[in-house]
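Structure first, then comments.
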Amino acid sequence: MAEQLDANTEQAIVEQVTASRSAGTALTIHGGKTKAFYGNPVSADAELDCSIHRGVMAYEPTELAITVRAGTPLAEVEALLAEQGQEFPFEPPHFGDQATIGGMVAAGLSGPRRPYAASVRDAVLGVRVLNGKGEVMDFGGRVMKNVAGYDLSRLMVGSLGVLGVLLEVSIKVMPRPLGRITLVQEQDQPSALALMQRWAGQALPITGTAWLNGWLYVRVAGSEEALSETQRILGGTPMANQEADAFWTAIREQQLDCFVGERALWRVSVPPATAADAIPGADLIEWGGALRWLRSEVGTAVDADHASTVGAISDAGARIGSESESESESESESEAGAGAGRGTVSSARACVATGGDVGADGVSAEAVRALAAAAGGHATLFRAAASIPLPSDGVFAPLSPVALRLHQNLKQAFDPDGLFNPGRLYQ
Amino acid sequence: MSRIPDERPLNPKPEVITELRRLLPAASVLATEAELAPYECDGLSAFQQRPLVVALPETVEQVQQIMRLCHRLEVPVVARGAGTGLSGGALPLADGVLLSLAKFNRIIDIDPANRSAKVQPGVRNLAISEAVASHGLYYAPDPSSQIACSIGGNVAENSGGVHCLKYGLTVHNILKLKLVSVEGELFEVGSEALDSPGLDLLALMTGSEGMLGIIVEVTVKLLPKPERAQALLASFDSVERAGAAVAEIIGAGIIPAGLEMMDNPAIRAAEAFVHADYPVDAAAILICELDGFNAEVSVDVMRVRKLLLDAGATDVRTAADDAERLRFWKGRKAAFPAVGRISPDYYCMDGTIPRRQLGPVLNRIAELSAESGLAVANVFHAGDGNLHPLILYDANNPGELEKAEELGGAILELCVAVGGTVTGEHGVGVEKLNQMCVQFNSAELTQMHAVKAAFDPKGLLNPGKAVPTLHRCAEFGAMHVHHGELKFPELPRF
């Protein structure tokens, strides 16, 4: 909080936008570039670097809100919150050390705790944003309840910078739970999904669920009394906390082998109770069933050497291993050794698909989208190796004609000259 | 204060009545003075206006036909749910169609596995929780009017309630909307999954006060009923100490399900009305409800009790059973009608402030109250900073309504000055248009009008509400007081 705020960075951003407007040059907006992979490719003439605009504007822990400049590193903000025993309830993925608050909000991606606490969008209270006319505007505020005017702050969340340049964001924060525990049990996908639904129908202090490689992981948080009572209800074997933390970090940061390599990764968002066979071949299930990740070899040959990836130690995996070893060496080692018999980071790392892999013959975007839509959800091509051609209509599920028109009109209302991130969300 | 929506020239087109009769059964088109009377105001009865005609469609197809007709004839349309809104959002227009969604009162589908329910917009808030109770589920937002208010209206206003701090507002508890556009097209925003592709139109639609589309179906999120709820009632001899206790509880990392404050006038009014056994000599009371997992609640009740006593509470009662817990709430939930018994009229304000400004703001409200000669009773969603000062007045005394509005306006400007907002959960409607000029500058208001035009280029959906014209703001003369630039220099702020 004692850090010196640079008084000139906002003006510098405004001036660059104003100059671009005069020159008619489109801009790619970025902070730490950690989420540059997400969304459609942008065709712009220049870059607008928001990472220069950093610093905490206001943080009063008892108000449960923090206001920060968009270029502030996410890790710094999380460390500041942790000092006060608080955190972002939506557990945002960083996808790199340079991740910024602005990128977090613009991408709108939330982590494992999302279905049990809040999404980024739920927690955003207000924004200071620069529109395409070079006007700096404040919407929302720093208070929990605010219905003055349209909710243009939440509209910015997940907008991938196509409406304006985020300058400051006010976000709701929550107390960190007193304690946590992760329980693991061996379950096939249908039984794991059934358990996730049964648990979600009860008022249990769950903060994360994942199914991976034949194992169901559930994280609960609260007081010691609550944890032991919950453990009795949920069953399963507790993981060592260090190892569990590494596991959830790996899930959140997509450091497991499922997420690495020359392939396409589909993010399939569906109603949580969607049957396992409605989205066949999901490698990883999160969010109590509401988020399913599919690898596929879009437009490429099947990975004939698939088996060799099992057990291969990715850089990320190695890092996780070394983290857990530093704190609980013997336990971690023995669990890794017994990986075939019990869910651990090491055994999970490979994330073996359990048959029915959608990607077995290479899969079309249409097929994944059709499955997702039939279930009442939608599919996004989340990551794709450079060699993989993108769907002709983009990585996001196409909009209905009315919704598309409203998107175009809103883009026009905020950025009439089309300066910001052209094409990143939709054409 | 102007008692009309934002200035627009009247352009009555009586032919719309004839055309509506072609689309709807005779009983569904109301146009006589006697038929129109019940629709002349919503919950903000200080503002009254009869519409040109009331339409009561029963099907989505009929809503589409009505919108196509009104779009073609360029007739404005005001949507109305149960008419319980407190900001005049459903105030009719003299040349407009009042589109009542009262007949859309069916619960279409309950999906216990996905913990969601698909309902029509006219379904009452409480009816949803009642319908899903057998599954151990409920719909969390609980505005005090939940017996009567409709879910469509809740979405239009982004309604809150007493449990927002933990469970959020309407925007946090809905998944999907089906809407009819101003042109009569049917479209959806959101999805049955936890997110949807593209811009977050679901968030934008929520709280948009009927300005962007007509809601014809709402998919709400349901939560499992907490295993246990426990409430404490603490008495304080000053509002400052009660306010400080709120910060202590939250600072200790506890998020109560509800955390409500009432000041002495509100306590006395409520006690006289419902006999909740409130301490009538206390300067303020706090009602703190903790819910969730049994083991967790037990621990937190003990922690909160100690925090309250350490913060200077003169008495802390823990509800012995559910009956006592509900009695604690009874007085709070009846606070508005209770004040209605002690004063011929009252005017309910709805500002939100940062919690730590509570003491200074309540003191300043007391000063403003003394200056105006009108008494104020305060009830306060203390957990999330949402303040409801109730201004007591008598409309039969000439000039008192104007005085009440003036005092209310000053209170809302005070809320903005300390870093808050002019409306936490009741909406802007026609009531707070002038205060919007205080909270937003011309670029911000212009951006909001551009958003409106993106959905409704001809300005036919509830025109004149929610966002003031720049012209009005210039007349109100408040454009210079933007973001609390020292309207109340004596108050601490961010």
Side-chain angles (χ1 to χ4, degrees), chain A residues 58 60-64 85 114-115 121-122 131 135 137-139 141-151 154-155 157-159 174-175 197 200-205 222-223 225-226 229 269-273 287 290 376-378 380 396-397 399-400 402-403 406-407 409-410 413 425-426, chain B residues 113-115 136 157-158 160 164 168-169 172 181 185 187 191-201 203-204 206-208 224 226-227 247 250-251 253 292-293 295-296 299 352 354-355 384-386 419-425 427-428 436 439-440 443-444 447-448 450-451 454-455 467 494:
Chain A
E60 180 66 46
T62 63
E63 296 290 338
L64 297 177
R114 189 262 177 264
R121 167 267 214 191
D122 289 341
N131 69 11
E135 295 165 330
M137 307 174 294
D138 289 284
F139 297 111
R142 293 165 173 167
V143 290
M144 301 292 142
K145 285 164 93 174
N146 186 353
V147 294
Y150 302 121
D151 192 345
R154 288 196 175 92
L155 182 64
V157 184
S159 67
M174 291 295 268
Q197 300 325 311
Q202 305 167 47
L204 296 166
S223 63
E225 293 83 350
E229 178 66 11
S269 179
V270 286
W287 292 8
H378 63 101
T380 304
F396 299 107
L399 301 170
S400 73
V402 179
L406 294 174
H407 275 65
N409 291 353
L410 282 168
L425 198 57
Y426 288 98
Chain B
N114 284 306
R115 297 167 307 284
E157 302 296 324
N158 193 14
C164 294
L169 305 153
H172 302 109
S181 72
E185 302 149 303
F187 69 106
S191 84
E192 282 149 47
L194 291 179
D195 45 36
S196 47
L199 298 171
D200 198 335
L201 301 185
L204 179 59
T206 310
S208 63
E227 196 176 20
I250 288 161
F293 202 50
E296 194 83 66
V299 175
T352 303
R355 274 180 295 266
D384 42 37
N386 188 196
T421 175
V422 297
T423 174
E425 58 182 357
V428 173
M436 286 288 285
Q439 189 164 337
F440 295 100
E444 292 156 354
Q447 186 66 70
M448 288 190 205
V451 168
F455 286 79
V467 185
F494 280 109

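Below, chain A is the first sequence line, B the second, and so on; all start at residue 1.
For a residue to count as touching a neighbouring chain, one of its non-hydrogen atoms must lie under 4.5 Å from one of that chain's; by this rule Ser159(A) touches chain B with backbone and side chain alike. Using a 4.5 Å cut-off between heavy atoms, Phe455(B) touches chain A through backbone and side chain atoms alike. Both the backbone and the side chain of Leu410(A) have a heavy atom closer than 4.5 Å to some heavy atom of chain B. Interface residue Leu194(B): backbone and side-chain heavy atoms are both found under 4.5 Å from chain A. Val270(A) touches chain B through its backbone: at least one of N, CA, C or O sits under 4.5 Å from a heavy atom, while the side chain does not. Heavy atoms closer than 4.5 Å to chain B are found in the backbone of Gln202(A), but not in its side chain. Contacts between Asp122(A) and chain B at a heavy-atom distance below 4.5 Å involve backbone atoms as well as side-chain atoms. If you measure heavy-atom distances from Ala290(A) to chain B, the contacts under 4.5 Å come from the side chain alone. In this structure, the portions of Met448(B) lying under 4.5 Å from any heavy atom of chain A include both its backbone and its side chain. Both the backbone and the side chain of Leu64(A) come within less than 4.5 Å of a heavy atom in chain B. Interface residue Arg115(B): only side-chain heavy atoms are found under 4.5 Å from chain A.
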List the steps, then state whether side chain to side chain contact (heavy atoms under 4.5 Å, CB included) holds for Glu192(B) with Asn114(B).
CA-CA 9 Å; Glu192(B) 282 149 47; Asn114(B) 284 306; over 6 Å; no

Report the C-alpha distance between Trp287(A) and Asp195(B) in whole Å, list the side-chain angles of each, state the deciding distance to 0.1 Å, and finish with yes or no for side chain to side chain contact (heavy atoms under 4.5 Å, CB included).
CA-CA 12 Å; Trp287(A) 292 8; Asp195(B) 45 36; 3.7 Å; yes

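Smallest separation of non-hydrogen atoms from Ala203(A) and Pro224(B): N-CB, 3.8 Å.
Between chain A and the options Thr206(B), Asn386(B), Val428(B), heavy-atom pairs under 4.5 Å are most frequent for Asn386(B). Here Pro272(A) is the residue among Pro272(A), Ala403(A), Gly222(A), Gly141(A) with the most heavy-atom pairs under 4.5 Å with chain B. For chain A, the option among Ala247(B), Gly251(B), Gly292(B), Ser191(B) with the highest count of heavy-atom pairs below 4.5 Å is Ala247(B). Here Ala148(A) is the residue among Gly85(A), Pro115(A), Ser400(A), Ala148(A) with the most heavy-atom pairs under 4.5 Å with chain B. Top candidate by heavy-atom pairs under 4.5 Å with chain B, chosen from Gly158(A), Gly377(A), Pro61(A), Gly149(A), is Gly149(A). Each of Met137(A), His378(A), Glu135(A) has some count of heavy-atom pairs under 4.5 Å with chain B, and the biggest count is that of His378(A). Interface summary for chain A: among Ala203(B), Gly136(B), Gly385(B), the most heavy-atom pairs under 4.5 angstrom belong to Ala203(B). Of the listed residues (Asn409(A), Asn131(A), Val147(A), Leu406(A)), the greatest number of heavy-atom pairs within a distance under 4.5 Å of chain B belongs to Val147(A). Of the listed residues (Gly420(B), Cys164(B), Gly160(B)), the one with the most heavy-atom contacts under 4.5 Å to chain A is Cys164(B).
Annotation: ring pair (Phe, Tyr, Trp, His ring centres under 6.0 Å) contacts of His407(A) (sequence neighbours excluded): Tyr426(A). The salt bridge (charged side-chain N to carboxylate O under 4.0 Å, His left out) test applied to Glu425(B) returns Lys145(A), not counting sequence neighbours.
With rounding to the nearest 0.5 Å, the separation of CD in Glu296(B) from CG in Leu204(A) is 11.5 Å. Separation of atoms CE (Met436(B)) and CD (Gln439(B)) is listed at 6.5 Å; rounding is to 0.5 Å. With values rounded to the nearest 0.5 angstrom, Leu169(B) atom CG is found 7.5 Å from Asp384(B) atom CG.
Side-chain atoms of Leu204(B) and Asp151(A), non-hydrogen and from C-beta on, never get closer than 4.5 Å to each other. Taking 4.5 Å as the limit, some side-chain heavy atom of Thr421(B) sits within range of a side-chain heavy atom of Val143(A). Within the 4.5 Å cutoff, no side-chain heavy atoms of Phe139(A) are placed close to those of Tyr150(A).
Using a cutoff of 4.0 Å between basic side-chain nitrogens and carboxylate oxygens, Arg121(A) and Asp200(B) are scored as salt-bridged.
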